Amino acid sequence: MRVLRDDGMAVSEPSETPNVRLAVLISGTGRTLANLIESIAAEALEAEVVAVVSSRAGVRGIEIAEVAGIPVSVVTRKPYSDDASFSDAIYAAITPYEPDLIICAGFLKRLVVPPEWEGRILNIHPCLIPESNAAGLGYYGDRVHQAVIDCGATTSGATVHVVDNEYDHGPVVMKETVPVLPGDTASDLAARVFALECELYPRAIAHYLTQHPDLIRRSGGGDWG
Ligand code: GRF
């Protein structure tokens with residue numbers, strides 16, 4: 001929390017309530033992770049990234065976590081026979097860090113959501129859910145944007161949603177639109193949507209937490225878990 005001292009200087013003071021503890025799941029470049037770290041540093045989001053898990057080894061997102069001093073582990077899908085056991089390994093990797101919320105940040109694997117994590121996992125998808133479902137659902141990267149362009153849409157956007165047991169599905173927390181401009185390539189549209197995501201995701205996380213204050217474990221315990 002930023003407060004003004006008597007001499008007018010803004011300083012950080014410990015907040016009365018602990019920051020929400022985020023575990024961030026990545027699979028690649030980690031641009032979303034980097035944006036969350038920057039948003040927290042800029043106090044646009046009162047939170048702390050306590051752990052990062054990558055579903056791929058050797059990706060840039062791992063370096064971003066390491067540079068920021070965040071514990072990072074790699075849990076790949078291959079050794080697991082099904083999505084449920086892979087998901088359990090992810091939850092086991094983050095549980096020691098006591099996260100309140102899991103943030104999917106370019107995470108490309110399907111999670112099976114057990115009851116204890118229902119309503120505690122958010123994702124951002126780079127098109128409008130449900131409007132773009134026919135075009136962009138189930139894709140990632142530029143294929144989402146190419147599909148939106150190919151279907152002749154004049155509007156795209158980004159959607160933050162709660163993760164449930166269907167891929168790119170679950171209650172919408174917040175979404176915003178951007179125009180699809182004549183002559184747009186997939187990478188033009190991707191850049192416009194990602195710029196929107198950088199502002200939208202931290203805002204949506206903060207909004208979700210104000211709507212669900214019970215998600216933040218208070219110091220001294222609580223019955224989460
Ligand atoms: C973005 O398209 C976002 O919507 C999706 O993953 C992409 C970002 O990946 N969830 P990264 O953060 O660059 O790895």
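Here the structure is a predicted model, which is why all the values come from computation and not from measurement. Both counts, for ligands and for their atoms, begin at 1 and track the order of listing. Throughout, residue positions are numbered sequentially from 1 according to the sequence presented.
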(message) Between S85 and D88, do the side chains contain a donor N or O and an acceptor N or O under 3.5 Å apart?
(response)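 Note: D88 and S85 side chains miss the donor-acceptor criterion.
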(message) Any nitrogen or oxygen of E197 lying under 3.5 Å from a nitrogen or oxygen in ligand 1? Just yes or no.
(response)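 Such a contact does occur with ligand 1.
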(message) So, regarding G28 and ligand 1 (criterion: nitrogen or oxygen to nitrogen or oxygen, under 3.5 Å), is there a contact or not?
(response)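 In fact, backbone or side chain, G28 has no N or O that close.
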(request) Check whether any heavy atom of G61 sits under 4.0 Å from an atom of ligand 1. (result)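 Contact absent.
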(message) Below 4.0 Å from ligand 1: does a non-hydrogen atom of I26 turn up there or not?
(response)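 I26 does not count as a contact of ligand 1 under the 4.0 Å cut-off.
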(request) Determine, considering heavy atoms only, which of R60, H145, R31, H125 sits nearest to atom 7 (C) of ligand 1. (result)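 Nearest option to atom 7 (C) of ligand 1, by heavy atoms: R31.
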Show every donor-acceptor pair shorter than 3.5 Å between a side-chain atom in residues 22-35 and any protein atom, with sequence neighbours excluded, or say none if there are none.
| from | atom 1 | to | atom 2 | distance (Å) |
| --- | --- | --- | --- | --- |
| S27 | OG | S55 | OG | 2.7 |
| S27 | OG | L108 | N | 2.8 |
| N35 | ND2 | C198 | O | 2.9 |

(request) Determine, using the 4.5 Å side-chain heavy-atom cutoff (strictly less than), whether L181 and V148 are members of one ILVMFWY cluster. (result)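 No, L181 and V148 fall in different hydrophobic clusters.
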(message) Side-chain heavy atoms nearer than 4.5 Å, only ILVMFWY residues, links allowed to pass through others: does that put I37 and V59 together?
(response)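 Yes.
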Quick test: of every protein heavy atom, which one is nearest to [atom], and how far off is it to 0.1 Å?
atom	answer
atom 6 (O) of ligand 1	G106 CA, 3.3 Å
atom 13 (O) of ligand 1	T29 OG1, 2.4 Å
atom 5 (C) of ligand 1	I124 O, 3.7 Å
atom 12 (O) of ligand 1	T32 OG1, 2.6 Å

(request) If you link ILVMFWY side chains whenever their heavy atoms are less than 4.5 Å apart, which other residues fall into the same cluster as V50? By chain and number, please. (result)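 Same cluster as V50: Y97.
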(message) Treating T159 as the side-chain partner and C127 as the backbone partner, does any N or O pair qualify as donor plus acceptor under 3.5 Å?
(response)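 It does hold such a pair.
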(message) I'd like to know if the side chain of T185 and the backbone of D188 have a donor-acceptor N/O pair within less than 3.5 Å.
(response)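 Pair found, side chain donor or acceptor close to backbone of D188.
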(message) I'd like to check which ligand 1 atoms, numbered from 1 as shown, lie under 4.0 Å from a non-hydrogen atom of P126.
(response)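 With P126 as reference, the close atoms of ligand 1 come out as 2 (O), 4 (O).
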